[in-house]
Amino acid sequence: MENLNNQLVTAIKETFVALFETALDDPQIQLQKTRKEFEGDITLVVFPFLRITKKSPEQSGEAIGEYLKNNIDLVVDYNVVKGFLNLVINSSYWSDFLKSIVTMSAFGYAQLNSKERVMVEYSSPNTNKPLHLGHLRNNFLGNSVARILKANGYEVVKVQIINDRGIHICKSMVAWQKFGNAETPTSTGLKGDKLVGNYYVRFDQEYKKEIAALIAAGKTEEEAKKEAPIIVEAQEMLRQWEAGKPEIVELWKTMNSWVYKGFESTYTTMGVDFDKLYYESDTYLIGKEKVLAYIDTESLYKKDDGSIWINLEGDKLDNKILLRSDGTSVYITQDIGTAIIREEEFHCKNYYYVVGNEQDYHFNVLALILQKMGFDWAKGIEHLSYGMVDLPSGKMKSREGTVVDADDLMLEMKNTAQEISEELGKLEGMEDEEKQDLFWQIGLGALKYFILKVDPKKRMLFDPKESVDFNGNTGPFIQYTHARIKSILRKSNYIEGSLDFKNAPLDVEDISVIKQLYDFPETLNESAIQKSPALLANYIYELVKVFNHFYQNTTPIVKEENEDIKNLRLMICAKTAEAISNGMSLLGIQVPEKM
RNA sequence: GGGCGCGUAGCUCAGCUGGAUAGAGCACCUCCCUUCUAAGGAGGCGGUCAAAGGUUCGAAUCCUUUCGCGCUCACCA
């Protein structure tokens, strides 16, 4: 079906040729949705044409409107307010649109894998502690962006890199060796990531004690931090790990395997997954090789102490170290290696890194270095930078244990959903298992929607009290509307795509919902361009509000006696439910049949 | 200090390439369940869009400056 705006643009060009003998360029024609308080569907801004029309804004609007009304079927009426020409679109356009999507099961979606291959990296945790609220934003965003890209026709590869080596994991290992009494997840009944995380916290406590003791004994703070026995021990362990000392490697493997098992369960609850995992322990040496291989590039240089640097001053950045004087890799070197491996393996058009905005500088540098090394594909690297999640009490600090644990939070949301549901008591006759499933859907839906509805770039505040409110602009509100629609469809024995509504007249309520549905494809496309699930989330909210108004202000469909009108409305209901369900699933949120 | 980002109602957030009287939700105050699920709907209260200049027929949106907040600039990851 021909796009409405395109049709109007063509018609307006024709108008200007006929009335003013002028050929317009597309950008001059500004169309926007008519605001609710005025009559009409689409508004043409006439100010830019005053030089051509040589008339007042009102007269110009009148002239254009009159021509359109008389000569273009699409436009049935118009009105002019100041310099705005409001056009009323023929309602047959809307019913034709509705008919055109009836048989599509996912209108707005592009053909699967019709576009290039792209990679989305997200999550990328450290293996020394459990996932927390910050990771939830990362995972929800990454997973949703991947789904949105896929729906837009891209072939998407979801990956994460697991930071499984380094001083942080050695800290947990040392603490476990010293204070662990051979505890295991089985012996304690704790999730593996929680157990290991506890020892990370324990390490920090001991470390702080030792520092305090050393300072009391006359050392400076700086000395104390370097000399505390427990940190020395952790560093020594890292050296032994790199040297491949069997019992250390064994311990490392064991503790990491605990963590992976814990992560797996958290990911399952979150509803996210990956096509390929990269482990830093596999890739960290490759970065070094790659850097050494490109040592002759003009901007790479070696200092007297043997460390290797890159000069980025020409790009208004600093000099950046790539290899330490002892020849070991730093963070960015590993990322260089990983990026190259990925390109060799997948040849993607774009590499999206979902990583917090505190690493903006790092990713600028990474892309730049790779380009300087001569990799053209590095231009496709894009950092999907998102803001931090704050708590009302301030910032989260994992070492001090002031974090909101991901598992705890998700469970709490599910429990809240359960309490509210049971209080409302609408779930008669539902099996217990089905109920539990529903509580998870609602609880997680609330959490995901709460996080995804805000612009990823912005820092956001997570207020637990507000997140537990299931009224208003929330996931459950949307899920509820879906359930209500499904109930209507059940009661009227609606069979998908099987109804025809002939020439039932559309009233304003019908049109307002259809118009919102009409915007779905464009919103889906725009959210892919901007990599913003928030756009989609806010669209769905708008759709749901419009539908609820329709629901409240039309006679109950189940009791509607005019078959054509009934069928029309059922169609609107079915398509709205579908758009809600598809849209929410792109946010990684399930939508129930009943609630 | 350099770089990047942010600042919209009491609170949390929308506001697309500049366009009409700046919108929602929460909170607070009214209504509406003998019409399909009230986790809903209708209405009220609440804003010098951080500030000042500039560009424009027209600025929350673009430019400049200032103020405030955050992040970042490690031989940490």
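We name chains A, B, ... by the order of the sequence lines, and we start the count at 1 in each one.
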message: Between B:rU66 and B:rG41, how far apart are the two P atoms, rounded to whole Å?
response: 47 Å
message: Counting primed atoms plus P, OP1 and OP2 as sugar-phosphate and everything else as base, spell out the protein contacts along nucleotides 5-12 of chain B at 4.0 Å heavy-atom distance: B, S or - for each nucleotide, 5' to 3'.
response: -SS----S
message: Are B:rA20 and A:Phe84 stacked, with the base six-membered ring and the side-chain ring centres under 5.5 Å apart and planes under 30°?
response: yes
field: Stepwise ring-ring contact (aromatic ring centres under 6.0 Å, His included) check, A:Tyr480 with A:Phe477
entry: CA-CA 5 Å; A:Tyr480 174 72; A:Phe477 167 68; 7.8 Å; no
message: Would you measure the distance from the C1' atom in B:rC26 across to the matching atom in B:rA14 and give it in whole Å?
response: 15 Å
- request: Return the residues of residues 33-46 of chain A meeting this criterion: a heavy atom under 4.0 Å from some atom of RNA chain B. Order them by number, or give none.
  value: A:Arg35, A:Phe38, A:Thr43, A:Val45
By ring pair (Phe, Tyr, Trp, His ring centres under 6.0 Å) - contacts of A:Tyr551 (at least two apart): none
message: Taking only the P atom of each, what is the distance from B:rA42 to B:rG25 in whole angstrom?
response: 8 Å
field: Distance test, side-chain N/O of A:Lys82 to OP1/OP2 of B:rU21, below 4.0 Å
entry: yes
- prompt: OP1, OP2 of B:rC16 versus side-chain N and O of A:Tyr539: anything below 4.0 Å?
  reply: no
query: When the C1' atoms of B:rG23 and B:rG15 are considered, how many whole Å apart are they?
result: 7 Å
query: Is the A:Phe462-A:Phe450 ring centre distance short of 6.0 angstrom?
result: yes
